[in-house]
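Worth knowing before you read on, the calculation uses all heavy atoms, side chains too, and leaves out hydrogens, waters and symmetry mates.
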Amino acid sequence: MTAPIRVLIVDDDALVRAGLSMILGGTGDIRIVAEAGDGSEVPPLVAEHRPDVVLMDIRMPDVDGLTATEALRTAKSPPEVVVLTTFHADAQVVRALRAGAAGFLLKDIPPRELVEAIRKVAAGEPILSPAVTRQLIAHVSDGGADRRTDRARGLLDRLSEREREVALAVGQGKSNAAIGRDLYMSVATVKAHVSRILTKLDLNNRVQVALMVYDASL
């Protein structure tokens with residue numbers, strides 16, 4: 001048997017925490033290891049319980065979810081972070097994705113989809129498609145576009161020609177199988193290229209690759 005997925009729930013609304021805990025705790029493969037009502041509580045709880053996934057609310061009274069996410073993702077061997085929000089296009093959601101969050105969930109998500117999303121994130125799959133990421137960014141401007149474009153193009157220049165092709169395909173929202181078909185390579189080879197891209201550019205996940213491609217205006 002595989003170990004259960006360890007989840008930390010962070011939300012300042014006790015009713016939301018209770019609902020999420022009830023939904024996720026009813027599965028056989030997910031375990032709620034702790035709950036927090038503010039981002040300030042996250043670092044010690046992560047250190048103590050070592051969750052695989054953190055469900056992170058954005059708006060909290062003391063330390064918000066964005067600040068907590070940025071702090072977590074710069075730590076060694078951080079848990080995956082999934083942002084909880086009531087908005088599709090929110091500047092803080094985009095900033096959390098740039099910081100390395102694996103995706104976002106709307107708080108009215110159906111229970112079955114919530115459970116599947118946690119399983120996907122724990123398996124290393126982002127739950128926000130690059131296509132949706134581009135839609136988000138298209139509706140939200142947080143300034144510094146020219147600076148981000150220069151940085152993104154500089155990062156892409158570090159890649160080999162093949163890695164660049166794979167990165168652009170990820171930015172188009174293509175799956176590994178679709179990339180393999182288009183570029184005439186196996187899925188295993190695509191995964192290897194994606195892994196090298198993440199390592200070479202010090203990125204966290206495919207969402208950040210898509211953000212980079214978008215910033216480069218490609």
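With Asn176 as the partner, the side chain to side chain donor-acceptor pair (under 3.5 Å) test is satisfied by one option alone out of His193, Lys191, Arg206: Arg206.
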>> Run the side-chain contact (heavy atoms from CB on, under 4.5 Å) test on Val81 and Val53 for me, step by step, so that the C-alpha distance in whole Å, both residues' side-chain angles and the decisive distance to 0.1 Å come before the verdict.
In response: CA-CA 6 Å; Val81 177; Val53 179; over 6 Å; no
>> Let's go through Gln208 and Leu201 carefully: what are the C-alpha distance in whole Å and the side-chain angles of both, what is the deciding distance for side-chain contact (heavy atoms from CB on, under 4.5 Å) to 0.1 Å, and is it a yes or a no?
In response: CA-CA 10 Å; Gln208 287 197 325; Leu201 303 186; over 6 Å; no
> Passes salt bridge (Lys or Arg N to Asp or Glu O under 4.0 Å), Arg59 versus Asp64? Steps please.
Replying inline: CA-CA 5 Å; Arg59 293 172 175 81; Asp64 62 43; over 6 Å; no
>> Does Ile118 form a side-chain contact (heavy atoms from CB on, under 4.5 Å) with Val7? I'd like the steps, not just the answer.
In response: CA-CA 9 Å; Ile118 297 300; Val7 176; 3.9 Å; yes
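Cluster annotation: Leu114 is connected to Val16 through the hydrophobic network of ILVMFWY side chains, with a link wherever side-chain heavy atoms come within less than 4.5 Å. In this structure, Met56 is not a member of the same hydrophobic cluster as Val94, with clusters built from ILVMFWY side-chain heavy atoms closer than 4.5 Å. When the side chains of ILVMFWY residues are joined at heavy-atom separations under 4.5 Å, either directly or via intervening members, Leu45 and Met60 end up in a single hydrophobic cluster.
The two residues Gly103 and Leu97 have their closest heavy-atom pair at CA-CD2, 3.7 Å. The two residues Arg17 and Gly37 make their nearest non-hydrogen contact at NH1-CA, 3.7 Å.
Two residues are said to be in side-chain contact when any heavy atoms from C-beta on lie closer than 4.5 Å; Pro51 and Val46 meet this criterion.
Heavy atoms from other residues, nucleotides or ligands lying under 6.0 Å from CZ of Arg73 number more than 12.
Of the charged side-chain nitrogens involved, at least one lies within less than 4.0 Å of a carboxylate oxygen, so that Arg162 and Glu165 count as a salt-bridged pair. A salt bridge is absent between Asp215 and Arg151; no separation between the charged side-chain nitrogens and carboxylate oxygens falls under 4.0 Å.
For residues 102-116, the pairs satisfying side chain to side chain donor-acceptor pair (under 3.5 Å) are Asp11-Lys107, Asp57-Lys107, Glu116-Arg119, with sequence neighbours left out.
Thr74 contributes a side-chain N or O that, together with a main-chain N or O of Ala71, makes up a donor-acceptor pair within less than 3.5 Å.
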